[in-house]
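Structure record follows, encoded as structure tokens.
In what follows, chains are A, B, ... by sequence order, proteins preceding strands, each numbered from 1.
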Amino acid sequence: MQTKRTFGLLIAPFVVFTSVFFLIAVGKTVSLSFGYDPLLGHHQITWRYYQAIFANKTFIRTLLRTFSVTFLSSLLASLIGLRLAFLIKRSQSWGARFLSRIANVPLVLPHIFMVLVFIWCFDQTGLLVRLIHLLGWHQFQLPVLIGDPYQVGILLTYLWKETPYVLLTLLLVVRQLEDDYFLAAKNLGANRWQRLWYVEWPLVQPAFFNALIIVFSFSFGAYEVPALLGSQKYELLPVMIYDLYQQSDLTLRPLIMSFNVVISVIAIGFAGLLLGLSWWLPGGRRRQRT
Amino acid sequence: MKKQISTSGLGLIGCLFGLPAVVILLLAIGRHWYVPYLLPQRWDWLAIFKFWQQDSTLWPAVKASLSLGLGTVGLTLLIAYPMAIALVKYQTALKGILNVLIYAPLIIPGIALTTSLDLTFIQLHLTGTWLGVVVVQTLFCLPYAIKLLVDNLAIYQVDYEAVAQNLGASRWQSFWQITLPLSRDGLIGAVTMTLIVAMSQYLTTLLIGDGNYLTLAINMFPLIQGGRYQAAACYGVVFMATLLIPLGLFEWVLKRKVRRLAHHEL
Amino acid sequence: MSFELQQITQQKQHQQILKQIDLTIPEQQILAILGPSGSGKTTLLRILGGLDQPTGGVFLHRGQPAAPGILVFQDYRLFPFLTVADNVAFGLKMQHVARQERDQRVTTMLAQLNITELAQRYPSEISGGQQQRVALARALVLAPQLLLLDEPFSSLDEALRLEMLQLVQRLQQTLHLTVVFVTHYKTEAYLMAQQVAILIDGQIRQVATPEQLDQTPQNLTVAQFLGHANFITGRWQQQRFHSVLYTGVAQATPMVAENATLYVPYAGLLTVTPTKWCAFTGTVCSCQWNGQTYFYQLQVQSETLWVLLPQKLAPGQTTTFYFEKEPLVY
């Protein structure tokens, strides 16, 4: 009885906080998205706004564009981060030690800083172009990466910021991987690639998918980078929703809330899909000894 | 030979990751950094102090960032630390639901959560208030803080608290003597992450703060948009100082405090 | 018809872990490598398993370089994310053995080890003894020429240990296996192996059957490691051993010097039936039943000795003791 009460006391702050702020916001969003808005005197529940969304070609196109850019950047960041984590796993070389320390820098810097540095380095008169000119290739020109229609600038900025995050997260896991399993596989005749695929990948893949989900979910809904580096003509979802929201048009609120519900469901569904994939792959069903 | 290449390659990638900090610093204190120069042609070591004097928005921004950031750290710890202890120490059927609630703010797109919270907070009369901003930032920080604290506490498989209580310590004593020293690294990690996330928030602070809290991150945004990169970089350096000085102090205090607690106050 | 280790040395950071090891591993037998922890047992096993390359020497099988032996690790190291069946199939899969044959060999092996019903379970869901069976199956399914066991029974309880010991012996007979296992536990080595190699400080000190080992340890190091004996210091002069406790004849080992040590195994003393090697007269201080015989602490003049005897003696009783056979002196 005593322990139950202690447990209740310990989780109480979280439960109260989450219910008061988070769950109320969720409830409000969902009810507004169905047109229920007592402030404006609307008490009718309607699918109208959802129908409007799915009829809206621009929204669908923006959604797909946002999804592909952010998923591609997150996937690349996760894969590169994973590879680097394995490379510096046990290495005592100065390169590896330096990298594992310095990877903290982009982690501490907010996204806005990364945008600033990206512009300074990869603008058409940026440091990269200056460096290449200095090395003697005077005709070199960099494609436009700021506000470009293919969102390459956004992708690269996210890659620059998120790869160190994945690297540091996975490094913790990879360092804990015991050599034991690796050696057992070697003794049973597995070659280098077989050991990587059949032993190490199953052991790290849950952490890999976790990192991928976190990085993707973040960049999918983040405003700053697309607002500063995105193309005005081909905007990404967060910018689009914020612009709509800023118009302070009360009649637009149900529509914005149904946008919110739809993209939240998509984000949650996609995270669930990735978790399911991880669960289904070898290593996902790993059960903890209790 | 192959090893040499791989270690240099790793070093090079490390330079790429370290580059942002260097560029911001050079931008802030360098002058005449035009095409085609790879480095600033002149230096102004006092650039940041001059900027501090000229720009009247900087000091209020530091204060706003700090007060919101520290408030968020406090509220986050108040919620996350007991939660982490509960999750590590108690086996419960609620774990699944609790985990969903913990990680939901990470998975739900930030823009959706921010606009929805803004709408809700207008009704709760929290928009434009210090508490409102702190609450929203806490919501975004909780997943990181809880995760870091849980991971740290879970390292210690042995129930040292039980050992202490068996040796006659009260629950309160065993918390001060055992649990707190053991979670020192987790607390440092959680505070660090929370302050970083809180101070980096742009849109949430802008919307929920309703213009009353112009933090460093908020002020930087239009500077970058308007191409005033040098001013933005000065803001950047001040941002780093505002972030790192409290963190360093906290780490120092905690390390000393914990050592004292663990060794002298028995 | 054997495996041969010739002049195997292993050096790590200027420290010689194995020093020129010569060892013959007879085929279709069980050889135990017995030694204290830190003696280099595991290093030697890793070389036999191909996990490490020795810094010097060769490992041959019938005159040719030997294929690495298959290891059963101390903590089993079953892959936590694979079922029992998949764990057992792992090695075959690595060799690209066709699915059908693989399944068949795995099924046979699981049946042989009596774990068919565990096939679809995960390692974390089965007991320690069952995990050991799975680890054995995972190695044996590869039909290894040489099976290596690393402290195989150290984490099992007494009853289970005997059961697994018999299982390994039975498998060795039916499958005609060549087995090498390392242990620091004397009883385990004695119960299981035909031959025991004593490894101390990176050197093989003696290879013999368990009886030979206890009767004639080759030198004092081995004798002290095997333990269960009293060591009496004295002088070796004119083919006789001289000490406060015992003065008389003894069987000299080759390196005996003037400062000598007499080897008196706990079980090497008699009291009721006199022999021609009368040892000493002692007083019983304490008596303990060890499960098979009585274990006595004796006071002989100023020294304390331990003896194992089948007879019951009362504390305080004074008796004459005899050596069962001529004692060894080092």
Given that the side chain runs from C-beta out, which part of B:Leu94 has a heavy atom under 4.5 Å from chain A: side chain, backbone, both or neither?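 Just its side chain gets close to chain A.
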With only heavy atoms counted, which part of B:Val23 is less than 4.5 Å from chain A, the side chain, the backbone, both or neither?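 Looking at B:Val23, just its side chain touches chain A.
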Do A:Ile213 and B:Tyr103 come within less than 4.5 Å of each other through their side chains, counting heavy atoms only?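 Not in contact.
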Between A:Phe220 and B:Ile108, is any pair of side-chain heavy atoms under 4.5 Å apart?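 When only atoms from C-beta onward are counted, B:Ile108 and A:Phe220 do not touch, as no gap falls below 4.5 Å.
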Tell me the closest heavy-atom pair linking [X] and [Y], and the distance in Å.
X	Y	value
A:Glu224	B:Ser200	OE2-O, 3.9 Å
A:Leu32	B:Leu119	CD1-CD1, 3.5 Å
A:Phe22	B:Ala104	CZ-CB, 3.6 Å
A:Ala267	B:Ile107	CB-O, 3.6 Å
A:Gly95	B:Thr7	N-OG1, 3.1 Å
B:Ser116	A:Asn260	OG-ND2, 3.2 Å

Step through the shown structure and confirm whether more than 12 heavy atoms of other residues, nucleotides or ligands are within 6.0 Å of CZ on A:Phe140. yes
If you tally heavy-atom pairs under 4.5 Å against chain B, which of A:Phe14, A:Phe21, A:Phe118, A:Phe98 wins? A:Phe14
Measure the acute angle between the ring planes of B:Tyr202 and A:Tyr223, then classify it against the limits of 30° and 60° as parallel, tilted or perpendicular.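 Rings of B:Tyr202 and A:Tyr223: parallel, as their planes differ by under 30°.
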